[in-house]
Trainee: 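Dumping the structure here so I can ask a few things about it.
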Amino acid sequence: FFLSHTHTSIMSEQALERIRLQLQAVEEIKRKKALEAEGGGETVANNVPKKKELSAAVKAGIAAGNINITTEDSDRMDMSEDSKAEERQQNELLKELERRNREREIILPAADEGIILKLRELGEPVTLFGELAADRRIRLRAFLAEQQGVKLDQVLDPQAKATKKDKQNEEVWYHRGSDELLLVRKFIAGYSLPRAKERLKTSRLQLSRVDKTKEAKKQHMMTELRKFTNYGSQIGDVRPLAHCRLSPDGSVLATASWTGNVKLWDIPRCNEKKVFHAHNDRVSGLSFHPSSCISQTDDTLNFASCSADRTVKLWSLKNAEEPLATLGGFDDRVARVDFHPSGKFLGATCFDYSWRLFDVSGSAPIEVLHQEGHSGAVYDISFHPDGSLVGTSSVDCTGRVWDLRTGKNVMLLQGHTKQVLCLQFSPNGFHVATGGDDNSVRIWDLRKRQCVYTLPAHNSLVSGIRYHPSGNFFVTSSYDKTVKVWTSPECSPLKVLNGHEGKVMAVDVSPDSNYIVSSSWDRTFKLWSKEQD
């Protein structure tokens, strides 16, 4: 370390003293290291001061547990009893979190039959006293999560392991579609985007300001719905009525029977207008054209029907003997049909694990899409209000949402423990409701991509769901012989309609909210409305 005379003359005495102390410290460190290298470690150790002898009072305090002193054998003080209790509690919480994480990783069979087989395989009781299917599922999941020394792969069933392996090796693959399908996708994109833009614009305006008039109308509607009772009842056929639909203007009711007939009825008088000898087997579904009874003439396409005879037929209101067209090519019975909001396309679900899309705008309808994806029979179908999406439900306990513009499956509705029998989109555009054989209704949010409400809706399977065009309420039908009205989006029960003597198989609501109609296994349809003064 060098200092020039010029710097020395300028620097203060305090700075020189500080530098001198630093040099001394460096020299001391070097000296100690040299002593240790020469075997002088004992000299350094001898310089360590001896521990003071503890007094008798301190020893007595240590013996009583009032004084804690760190010893040479321990590097920390003993914990108090309260601290030990808190540590035990924290360890238990960590174990519980680990157990829940393990539960989330477990893949269980979707059907209750698979749960029973797994419990029997593991040597556990199949059913406990008072236990329901959902409770049995929870018990199996908890049992598998508590297997400490066993890997999950050793307790999961082979089907679950195969599913997990398939997901890891999953690849997206495409095949070339037809030129007609390309034109359809372009049309749907052009049709749906302006409608989505307008819907979102309206939603933003409603959120930015409180419309007292609209809120008052909604409250009035809820008050009127609470007054609903049986307005009229009519025997529809000699066999059960499997389905029913109201026309877009609410003036005509169509009922589908197991005799193969479709009948049109005048609303609200419930007088028979026309009988269509539609199919050779049970009619399972109906759908009106979006412009039927409004701008469509009687001799053009007004409604479609499907049947267990593996056909879909298109009908006018004028000719009850001959359909406008018959759509075939199905490998199993057809469950449901539904028109696209544009009226140009018709969707149909089939028990051959697929659903089809037909272009019905021309004189000769053509099949433009044959979509697979479900692992079970596809049951219900519903189009998004914008026309961009379509939803399907299946007996494989799931629902799926498909993007018609790209062909992709954009959302899997997985949560029902039994087959999903009905599905419909809400007019708000971001909710979709499903009902199933597990007696529940689930409301799914397309934005969050998850279930937001689970309603224990009925005491038996849910056979139908229909939203009112306003989106303020929806109705459900069930095999427990009831129809229920629910507010939307709050999902609060509003009214229970009793009167059917058999299973209620379908339900619908009129656009003006004045009528609710239901069809039943007891061969009747009932019209529900507010009490007359």
Trainee: Who passes salt bridge (Lys or Arg N to Asp or Glu O under 4.0 Å) against K186, sequence neighbours left out?
Mentor: none

Trainee: Sorted by first residue and then second, give each salt bridge (Lys or Arg N to Asp or Glu O under 4.0 Å) pair with at least one member in residues 360-375; sequence neighbours left out.
Mentor: R356-E367

Trainee: Who pairs with R523 by side-chain contact (heavy atoms from CB on, under 4.5 Å), at least two apart in sequence or on another chain?
Mentor: none

Trainee: The criterion is side chain to side chain donor-acceptor pair (under 3.5 Å); which residues satisfy it with S233, sequence neighbours excluded?
Mentor: K526

Trainee: Answer yes if the ring centres of Y191 and F345 are under 6.0 angstrom apart, and no otherwise.
Mentor: no

Trainee: Please identify each residue that fulfils ring-ring contact (aromatic ring centres under 6.0 Å, His included) with Y479, with sequence neighbours left out.
Mentor: none

Trainee: For T476, which residues count as a side-chain contact (heavy atoms from CB on, under 4.5 Å) partner, sequence neighbours excluded?
Mentor: V441, H458, V462, I465, F474, K484, W486

Trainee: ring-ring contact (aromatic ring centres under 6.0 Å, His included) with F228: which residues, sequence neighbours excluded?
Mentor: none

Trainee: Checking F383 now: which residues fulfil ring-ring contact (aromatic ring centres under 6.0 Å, His included) with it, not counting sequence neighbours?
Mentor: H340

Trainee: Pairs in or reaching into residues 239-254: which pass salt bridge (Lys or Arg N to Asp or Glu O under 4.0 Å), with residues at least two apart or in two chains?
Mentor: none

Trainee: Identify all side-chain donor-acceptor contacts of residues 415-423 below 3.5 Å with residues at least two apart in sequence or on another chain.
Mentor:
residue	atom	partner	partner atom	Å
H416	ND1	D438	OD1	3.2
H416	ND1	D438	OD2	3.0
H416	NE2	T434	OG1	2.8
Q419	NE2	D437	OD2	3.4

Trainee: Just jot down the side chain to side chain donor-acceptor pair (under 3.5 Å) partners of H374, sequence neighbours excluded, or say none.
Mentor: T392, D396

Trainee: Restricting to salt bridge (Lys or Arg N to Asp or Glu O under 4.0 Å), what partner residues turn up for D332, sequence neighbours left out?
Mentor: none

Trainee: Is the shortest distance from a Lys or Arg side-chain nitrogen in E198 or R195 to a carboxylate oxygen in the other one below 4.0 Å?
Mentor: no

